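Here, residue 1 is the first one in the sequence, and each next residue gets the next number. None of these values were measured; they are calculated from a predicted model. Counting starts at 1 for both ligands and their atoms, following the listed order.
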Amino acid sequence: MARKKSPVAAAVVLREAKPLAANGGVLAPNERRLNFGERWAYAPAPEQSDYIEIKPRYQLFIDGKFRAPHSGRHFDSINPATEGKLAEIAEADAHDVDLAVQAARRAHRNVWSKMAGRERGKFLYRIARLVQEKARELAVLESMDGGKTIKESRDIDLPLVAAHFFYYAGWADKLAYAFPGRTPHSLGVAAQIIPWNFPLLMAAWKLAPALAAGNTCVLKPAETTSITALHLAEIFQQAELPDGVVNIITGAGPTGKALVEHDDVNKIAFTGSTSVGKMLTRAVAGTKKSLTLELGGKAANIIFEDAALDQAVEGIVSGIYFNQGHVCCAGSRLLVQEGVFSAVIRKLRDRISSLRVGNPLDKNTDIGAINSRVQLDKICELVESGLQQGAELVQPRLRLPEKGYWYPPSFFTGVTASHRIAQEEIFGPVLSVMTFRTPEEAIERANNTPYGLSAGVWTDKGSKIFKIVSRLRAGVVWANTYNKFDPTSPFGGYRESGFGREGGLHGLRPYLALD
Ligand code: NAP
Ligand code: MG
């Protein structure tokens, strides 16, 4: 039987997440198209959410208690899949920041720095177990507040959150063995600022090593995804973590700025954009505060002719589409060796036309909602720049839900190194595809970016992997897989992707002074 023409049509740039007109070629959100053109629909399979208790209003968590903000102001947290308001979140000002830092200082001086490591470890184990107990509820909340699929929050984020607390709990009484011949000391109060793409996981990456090392913390989640951090605060209360050891202050950029500029902070750990990271570097210069930065990236995924192509395409898809492209280490540039270019493009085109975009709480959804209107606008603006600069966009024709913020899985061909879409972080489900002829050219192209966070290599030859990896300027390189994380393994970048490592033994070092 002759194969039908591929369902992929020419580009449609969605300035607004408007549904495309319903017609025979357009898929409904729960429909899937098989490669040979047949369509069939999945029955909805939503994760239950009616038992989730979302408070109408969330307050600041300071000194072990929830308290109203000094200004009395609150802002709305939105469900990006429905545009409905989920809750009101307290907005912390400099006064609240000061209260939080003071509480952390007292807790460090009087309790946490004096406590034996094995006792600190017990609290971390308790937190890890409580996270596991509440994992399903936290995963649903994470998907509702941030738009990520339940598949991701339930199967990746929450297990990793618990794993980080378990892992660093194990180090709490072994710090002296971690750095042989040296005497480790905690630094004091750690100010920790995190982004919206992995709200709970980023909180765990920051809090677990800091607490294991004997520091106390003031954490600021991102404005659009604060709710799960405040449920984590409830877990800290249940674990009877001493008051003030962790304080959580919510708010936008100015709240983060006030925290960074507070005189009594010893360490700043930031994950977010390179532009804010640069501002923090300036703010910290000339002070005694120590700083680690986990910033943006523009990772290259390199497919060689000898790679297992189906496996590679699946890895590419999971590396950029399954998380809405909301990952700093997303493989957002695809470098394909010329001999397999048309095969890879065909497979990629077929695969993205089978991806399901829609309700993040549906267990069959592959691509959830874009985190915010602002982020959707950024994606649209960059996609438009790609079209204007002459690249060609491939997008499956699918009908997006009427409400909420959505972007279909897309890729660009005809991209040159000078295009903005080859240089700037899109932070959405959009891939820029380029070609190369020789390994030398692949390395040169992969390194042609101001970032240096991550990269991927797909080849059948182990020796080629070692050769290429040693020359890629990226903090993390995956080979024949992508986006794999483990608490024992350090993660971080260099150049404009920041400095310092999180995870593993390396992740303890920024929270300790060594005599
Ligand atoms: P962002 O604007 O830099 O925000 C990150 C955090 O900083 C948020 O909590 C934000 O608060 C806060 N903030 C904003 N302005 C600030 C200021 N002047 N002083 C102190 N804090 C301030 O980044 P984003 O756009 O939300 O997040 C996406 C970026 O994070 C991407 O570039 C991505 O690559 C990067 N990222 C990197 C990693 C990594 O490990 N390398 C991991 C995840 C994400 P509000 O949200 O309230 O504005
Ligand atoms: Mg939200």
Side-chain angles (χ1 to χ4, degrees), residues 75-78 89-94 97 145-146 148 157 160 191-206 218-226 229 248-262 265 268-284 289 291-299 320 323-332 370-379 382 424-428 449-454 474-476 483 485 489-503 507 510:
F75 57 91
D76 291 348
S77 201
I78 303 293
I89 312 287
E91 186 183 314
D93 64 11
V97 168
D145 199 20
K148 65 168 57 196
D157 295 38
L160 279 173
Q192 306 180 312
I193 300 177
I194 54 174
W196 44 260
N197 55 348
F198 290 87
L200 266 182
L201 185 54
M202 289 297 117
W205 277 26
K206 295 274 178 287
V218 180
L219 176 83
K220 192 200 90 67
E223 191 186 349
T224 55
T225 52
S226 306
I248 298 178
I249 51 162
T250 44
T255 307
K257 189 165 182 291
L259 179 57
V260 167
E261 289 173 355
H262 195 290
V265 158
I268 295 164
F270 173 80
T271 297
S273 60
T274 298
S275 57
V276 174
K278 285 181 179 172
M279 278 155 59
L280 298 203
T281 313
R282 284 193 287 273
V284 165
K289 297 171 191 174
L291 178 68
T292 40
L293 297 174
E294 299 279 4
L295 308 175
K298 191 76 189 170
I320 182 81
N323 31 48
Q324 300 76 242
H326 290 348
V327 191
C328 50
C329 50
S332 56
I370 301 301
N371 182 266
S372 64
R373 156 77 54 194
V374 173
Q375 188 55 33
L376 179 60
D377 289 345
K378 273 193 203 162
I379 297 169
L382 268 161
E424 296 177 33
E425 229 183 350
I426 301 179
F427 230 60
T449 159
Y451 294 110
L453 189 57
S454 56
V476 182
N483 263 358
F485 288 92
S489 164
F491 179 84
Y494 64 118
R495 306 168 82 205
E496 296 223 344
S497 295
F499 47 83
R501 293 291 176 265
E502 290 182 303

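In the vicinity of P221, heavy-atom distances shorter than 4.0 Å reach the ligand 1 atoms 9 (O). Close contacts between ligand 1 and G256 involve ligand atoms 19 (N), 20 (C), 21 (N) [criterion: under 4.0 Å to a heavy atom]. Of all atoms in ligand 1, numbered sequentially from 1 with element shown, those under 4.0 Å from a heavy atom of F270 are 3 (O), 5 (C), 6 (C), 7 (O). Ligand 1 places these atoms under 4.0 Å from at least one heavy atom of I194: 6 (C), 8 (C), 9 (O). The distance from ligand 1 to the heavy atoms of L453 drops below 4.0 Å at these ligand atoms: 41 (N). Near F491, meaning under 4.0 Å from one of its heavy atoms, ligand 1 places the atoms 40 (O). Proximity to P195 (heavy-atom distance under 4.0 Å) selects the following atoms of ligand 1: 27 (O), 43 (C), 44 (C). Numbered from 1 in the order shown, with element, the atoms of ligand 1 that lie under 4.0 Å from a heavy atom of G251 read 47 (O).
Contacts of T271 with ligand 1, taken as heavy-atom pairs under 4.0 Å, involve both backbone and side chain. The residue S275 has no part lying near ligand 1, judged by heavy-atom distances below 4.0 Å. If you look at N197 next to ligand 1, the close heavy atoms, those under 4.0 Å, all belong to the side chain. Neither the backbone nor the side chain of T274 has a heavy atom within less than 4.0 Å of ligand 1. Contacts between F198 and ligand 1 below 4.0 angstrom, taking non-hydrogen atoms only, are absent altogether.
The cationic group of K148 lies under 6.0 Å from the six-membered ring centre of F198 and within 45° of the ring axis, placing it in a cation-pi geometry.
At least one protein heavy atom sits closer than 4.0 Å to atom 34 (O) of ligand 1.
The residue among E91, K257, K220 with a heavy atom at the shortest distance from atom 10 (C) of ligand 1 is K220. Nearest to atom 18 (N) of ligand 1 by heavy-atom distance, out of M279, Q375, E294, is M279.
In terms of protein heavy-atom proximity, atom 41 (N) of ligand 1 is closest to L295 O, 2.6 Å. The nearest protein atom to atom 12 (C) of ligand 1, hydrogens excluded, is given as I193 CG2, 3.7 Å; this is a heavy-atom distance. With respect to atom 26 (O) of ligand 1, the closest heavy atom belonging to the protein is W196 NE1, 2.9 Å. Remark: minimum distance from atom 46 (O) of ligand 1 to any protein heavy atom is reached at E223 N, 3.1 Å. Here the heavy atom of the protein found nearest to atom 15 (N) of ligand 1 is G253 CA, 3.5 Å. Here the protein heavy atom with the shortest distance to atom 39 (C) of ligand 1 is C328 SG, 3.2 Å. Among all non-hydrogen protein atoms, the one lying nearest atom 16 (C) of ligand 1 is V276 CG1, 3.6 Å. Distance from atom 1 (P) of ligand 1 to its nearest protein heavy atom, with residue and atom name: S273 OG, 3.5 Å.
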Query raised in the report: Going through the checks in order, is the side chain to side chain contact (heavy atoms under 4.5 Å, CB included) test met by V476 and C329?
Result: CA-CA 9 Å; V476 182; C329 50; over 6 Å; no
Query - Full working for side chain to side chain contact (heavy atoms under 4.5 Å, CB included) between I370 and H326 - result: CA-CA 8 Å; I370 301 301; H326 290 348; 3.9 Å; yes
Query - Residues E502, T271; criterion side chain to side chain contact (heavy atoms under 4.5 Å, CB included); working and verdict - result: CA-CA 10 Å; E502 290 182 303; T271 297; 3.9 Å; yes
Report task. For E223 and E91, run side chain to side chain contact (heavy atoms under 4.5 Å, CB included): C-alpha distance rounded to whole Å, both residues' side-chain angles, the deciding distance at 0.1 Å, then the answer. Result -> CA-CA 9 Å; E223 191 186 349; E91 186 183 314; over 6 Å; no
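For the pair R282 (side chain) and G277 (backbone), a donor-acceptor distance under 3.5 Å is absent. Between the T250 side chain and the A90 main chain, a donor and an acceptor come within less than 3.5 Å of each other.
In this structure, S497 and G452 approach most closely via the heavy-atom pair OG-N, 2.9 Å.
Each of T292, V260, I194, L293 was scored for a side chain to side chain contact (heavy atoms under 4.5 Å, CB included) with F270, with one residue passing: L293.
Here CD of E294 is found 6.0 Å from NZ of K206. Values are rounded to the nearest 0.5 Å. Rounding to the nearest 0.5 angstrom, the gap separating the CG atom in N197 from the CD atom in Q375 is 9.5 Å. Here the CG atom belonging to N323 is positioned 9.0 Å from the CZ atom belonging to F427, to the nearest 0.5 angstrom.
By the 6.0 Å contact criterion, NZ on K257 is open, its count of non-hydrogen atoms from other residues, nucleotides or ligands being 12 or less.
In this structure, W205 has its ring center under 6.0 Å from that of F491.
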